[in-house]
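Notes to accompany the following structure.
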Amino acid sequence: MDDVVIVGGGIIGTATAYFLSKEGRKVKVIEKDPTYKTASFPLSLGGFRRQFFQTENILLGKFAREFIFQIPKLLKTEKNPKPTASMVTNGYLLMFGPEHAEEQYKALENHKACEAGTKNIKGAEISKIFPYINNEGIETATYTDSKIEGWIDPFMFHNAFKSKAMELGAEFIKGDVKSIEDIKAKTIISAAGCWTNELLKDIPVFPQKHTVFRVKCPKHFPEMPLTGDLTTGVYWRPEGKEYLAGSPISKWDCEDLEPEWNDFEELVWPALAKRIPAFEELKLTGGWAGYYDTNKLDNNAIVGKHPGYDNVYLATGFTGRGLMQSPGIGRGLTELITTGSYQSIDLNCFGVERILNKQERIEPYVL
Ligand SMILES: Cc1cc2nc3c(=O)[nH]c(=O)nc-3n(C[C@H](O)[C@H](O)[C@H](O)COP(=O)(O)OP(=O)(O)OC[C@H]3O[C@@H](n4cnc5c(N)ncnc54)[C@H](O)[C@@H]3O)c2cc1C
């Protein structure tokens, strides 16, 4: 019998393997595709933020930043003595129209209580700080400018976690787990991302295809934050000398990961050009699509012990924020498994019972 078996070696499974191995547990990670061709994490935008509505998501975002800054110290190994995740700390800027403003003002109370370090301005003031933005239709905006939000390279982040977990004794093996019942281990963790429902039929997490476009523009704004325009749902950030822009349209039941190219002309480009007039001159240079691990009940994480089993835990349903939540979730699950309760951030609100009892706890800021 194994000590701990984790199903899924993506970012959540690997972060959890690291934290559990650090506590001396003997961890085996089973991954069906070690090239990670369709896993969510390598196809993500790499963003880490603390601008959420719910306290726990804000706190997980704060811990992500703390952890990412310590990667060179925490994740260094003999083979990888200088680990990095190529962090860019340009911050986030989220802009809200009148229909979302009241909700955002409530969110700001939570930001304040969590000492999130965010700043808020009226829509009319945006151009003073971000002169390239047209503030038409924006009621209020929240941003950070103190290197506390930004983005990382997801593959390097995963690699650093994996190398360290392996140095601490974790074993990564290739295998496609067909049923949880096939595993013989003291502790089993399902970290199967958007495929969770194939293993646990009562967990409503399914693949939802999201498209990201790569564009270039003669005008370069290297200091631009990861910006979300909540009036259209379009979000974007610089990527080297180019930009990445995410479509707000998502699709269920997609067998393939072909980008939804039509969304660019019809929706994304007009939205970008309206908000940043210099983007009128954009040229599409590429794009890709990936699956969000979407929790159909309430767009929020599902973390904890499954009440239907003696020894099965799960972490899934991050709905576009699993990369940034992976350090906090890996640490939290490890605390729960090794001590019986959460010691750092109380993650009980994400418990599996809420899902089985259909108690929604909606996090409104899905980008
Ligand atoms: C376009 C896009 C943009 C995104 N942007 C961001 C962002 O800016 N910031 C952020 O934090 N998040 C972002 N995300 C979301 C983030 O990528 C996911 O929330 C995160 O990767 C979930 O991690 P995971 O480990 O649960 O799933 P995955 O990364 O998908 O890993 C799950 C792994 O489990 C394996 N697996 C599944 N079933 C089995 C089985 N039965 N047996 C063995 N192995 C199995 C899979 O092969 C896979 O490798 C984005 C996602 C997309 C698609």
Side-chain angles (χ1 to χ4, degrees), residues 5-17 28-50 52 57 60-61 64-65 68 88 92 149-155 157-158 161-162 172-180 182-183 188-200 205 207-214 226 228 235-237 244-248 250-251 254 257 259-260 287-295 299-303 314-330 333 365-367:
V5 167
I6 299 179
V7 183
I11 196 67
I12 293 291
T14 303
T16 307
K28 186 187 276 181
V29 180
I30 307 179
E31 168 55 51
K32 65 179 173 183
D33 175 18
T35 69
Y36 299 110
K37 201 158 63 104
T38 57
S40 297
F41 79 87
L43 300 170
S44 88
L45 236 70
F48 63 93
R49 63 174 156 129
R50 67 245 335 254
F52 287 102
N57 285 326
L60 285 168
R65 190 271 190 187
I68 289 164
V88 178
Y92 262 71
E149 296 180 307
W151 56 90
I152 51 174
D153 179 314
F155 217 85
F157 187 43
H158 179 266
F161 260 138
K162 187 172 173 186
F172 285 72
I173 61 171
K174 184 174 176 182
D176 189 350
V177 176
K178 297 291 180 205
S179 161
I180 288 285
D182 293 344
I183 302 171
I188 300 169
I189 301 170
S190 168
C194 64
W195 297 279
T196 297
N197 184 262
E198 291 174 15
L199 289 174
L200 296 164
V205 173
Q208 190 186 32
K209 183 164 93 171
H210 282 244
T211 298
V212 175
F213 300 102
R214 182 178 290 117
L226 200 158
Y235 57 97
W236 60 90
R237 69 160 170 84
L244 299 175
S247 171
S250 52
K251 267 188 142 180
C254 293
L257 278 176
E260 296 294 320
W288 73 84
Y291 295 124
Y292 268 31
D293 45 336
T294 299
N295 171 358
N299 289 332
N300 226 337
I302 309 170
V303 184
L314 64 137
T316 187
F318 300 101
T319 320
R321 58 191 98 100
L323 189 86
M324 67 183 100
Q325 296 198 331
S326 61
I329 297 299
L333 263 186
Y365 297 169
V366 176
L367 277 182

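Because the structure is predicted, anything quoted here is derived from the model rather than measured. Both counts, for ligands and for their atoms, begin at 1 and track the order of listing.
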Task: Donor-acceptor contact present, side-chain H158 to main-chain D153, <3.5 Å - done: no
Open item on the list: To check your reading of the model: name the closest protein heavy atom to atom 35 (C) of ligand 1, its residue, and the distance in Å.
Closed with: E31 OE1, 3.2 Å
TODO: Kindly confirm or rule out an N or O of F41 lying under 3.5 angstrom from an N or O of ligand 1.
DONE: yes
Open item on the list: Taking distance alone, with N or O pairs closer than 3.5 Å, would you say A315 contacts ligand 1?
Closed with: no
Open item on the list: Can you report which non-hydrogen protein atom sits closest to atom 5 (N) of ligand 1, along with the distance?
Closed with: L45 N, 3.0 Å
- [ ] Determine whether any heavy atom of T316 lies closer than 4.0 Å to an atom of ligand 1.
- [x] no
Task: Side-chain donor/acceptor of W288 to backbone N/O of L43, under 3.5 Å - done: yes
Open item on the list: With heavy-atom distances below 4.0 Å as the criterion, list the atoms of ligand 1 near A39.
Closed with: 30 (O), 48 (C), 49 (O)
Task: Contact partition for I12 relative to ligand 1, non-hydrogen atoms under 4.0 Å - done: both
Open item on the list: The criterion is side chain to side chain contact (heavy atoms under 4.5 Å, CB included); which residues satisfy it with I183, sequence neighbours excluded?
Closed with: V5, V7, V177, A185, I188
Task: Check: L45 main-chain N/O paired with R237 side-chain donor or acceptor under 3.5 Å - done: yes
Task: Polar proximity ligand 1 side, S40 side, N/O cut 3.5 Å exclusive - done: yes
Task: Donor-acceptor pair, side chain of N295 and main chain of N300, under 3.5 angstrom - done: yes
Open item on the list: Quick test: of every protein heavy atom, which one is nearest to atom 31 (O) of ligand 1, and how far off is it to 0.1 Å?
Closed with: G10 CA, 3.3 Å
Task: Pairwise distance OG1(T319) to NE2(H210) - rounded to 0.5 angstrom - done: 8.5 Å
TODO: Please work out whether the ring planes of Y36 and F41 are parallel, tilted or perpendicular, with thresholds of 30° and 60°.
DONE: perpendicular
Open item on the list: Heavy atoms only, cut-off 4.0 Å: how does Y291 contact ligand 1, side chain, backbone, both, or neither?
Closed with: backbone
Task: Side-chain donor-acceptor pair present, Q325, N57, cut-off under 3.5 Å - done: yes
TODO: Could you check atom 8 (O) of ligand 1 against the protein and tell me its nearest heavy-atom contact, residue, atom and distance included?
DONE: G47 N, 2.8 Å
Task: Expected output: side-chain T14 to main-chain I11 donor-acceptor under 3.5 Å - done: no
- [ ] May I ask you to check if ligand 1 and G322 share an N or O to N or O distance below 3.5 Å?
- [x] yes
- [ ] Could you tell me whether I11 and ligand 1 have an N or O pair separated by under 3.5 Å?
- [x] yes
Open item on the list: I'd like to check whether G13 has a polar contact with ligand 1, where a contact means an N/O of the residue lying under 3.5 Å from an N/O of the ligand.
Closed with: no
Task: G175: numbered ligand 1 atoms lying under 4.0 Å from its heavy atoms - done: 42 (N), 43 (C)
Open item on the list: Heavy-atom pairs closer than 4.0 Å: do any link ligand 1 to the side chain of I30, the backbone, both, or neither?
Closed with: backbone
Task: Residue G290 vicinity, atoms of ligand 1 by number, heavy atom under 4.0 Å - done: 53 (C)
Task: N or O pair under 3.5 Å between M324 and ligand 1 - done: yes
Open item on the list: For C254, is there any backbone N or O sitting under 3.5 Å from a side-chain donor or acceptor partner on Y291?
Closed with: yes
Task: Stacked cation flag R50 on F52, 6.0 angstrom / 45 deg - done: no
TODO: May I ask you to identify the nearest protein heavy atom to atom 37 (C) of ligand 1, giving residue, atom name and distance to one decimal place in Å?
DONE: A192 O, 3.5 Å
- [ ] Look at atom 44 (N) of ligand 1 and say which protein heavy atom is nearest, naming residue and atom and giving the distance to 0.1 Å.
- [x] K32 N, 3.1 Å
TODO: Would you please determine whether G320 falls within less than 4.0 Å of ligand 1 on a heavy-atom basis?
DONE: yes
Open item on the list: Could you work out, with side chain to side chain contact (heavy atoms under 4.5 Å, CB included) as the rule, every residue matching A191, not counting sequence neighbours?
Closed with: I6, I12
TODO: Give a yes or no answer on whether the side chain of T211 reaches the backbone of E260 with a donor-acceptor pair at less than 3.5 Å.
DONE: yes
TODO: Look at atom NZ of K251 and say whether more than 12 heavy atoms of other residues, nucleotides or ligands are closer to it than 6.0 Å.
DONE: no
TODO: Starting at CZ of F157, measure out to NZ of K162 and round the result to the nearest 0.5 Å.
DONE: 15.0 Å
Open item on the list: Taking distance alone, with N or O pairs closer than 3.5 Å, would you say D293 contacts ligand 1?
Closed with: yes
Task: ligand 1-proximal atoms of A191, by part, heavy-atom distance under 4.0 Å - done: backbone
- [ ] Under 4.0 Å, heavy atoms only, figure out whether ligand 1 is touched by the backbone of V212, its side chain, both or neither.
- [x] side chain
Open item on the list: Would P154 count as a contact residue for ligand 1, given that I'm defining contact as a non-hydrogen atom of the residue lying under 4.0 Å from a ligand atom?
Closed with: no
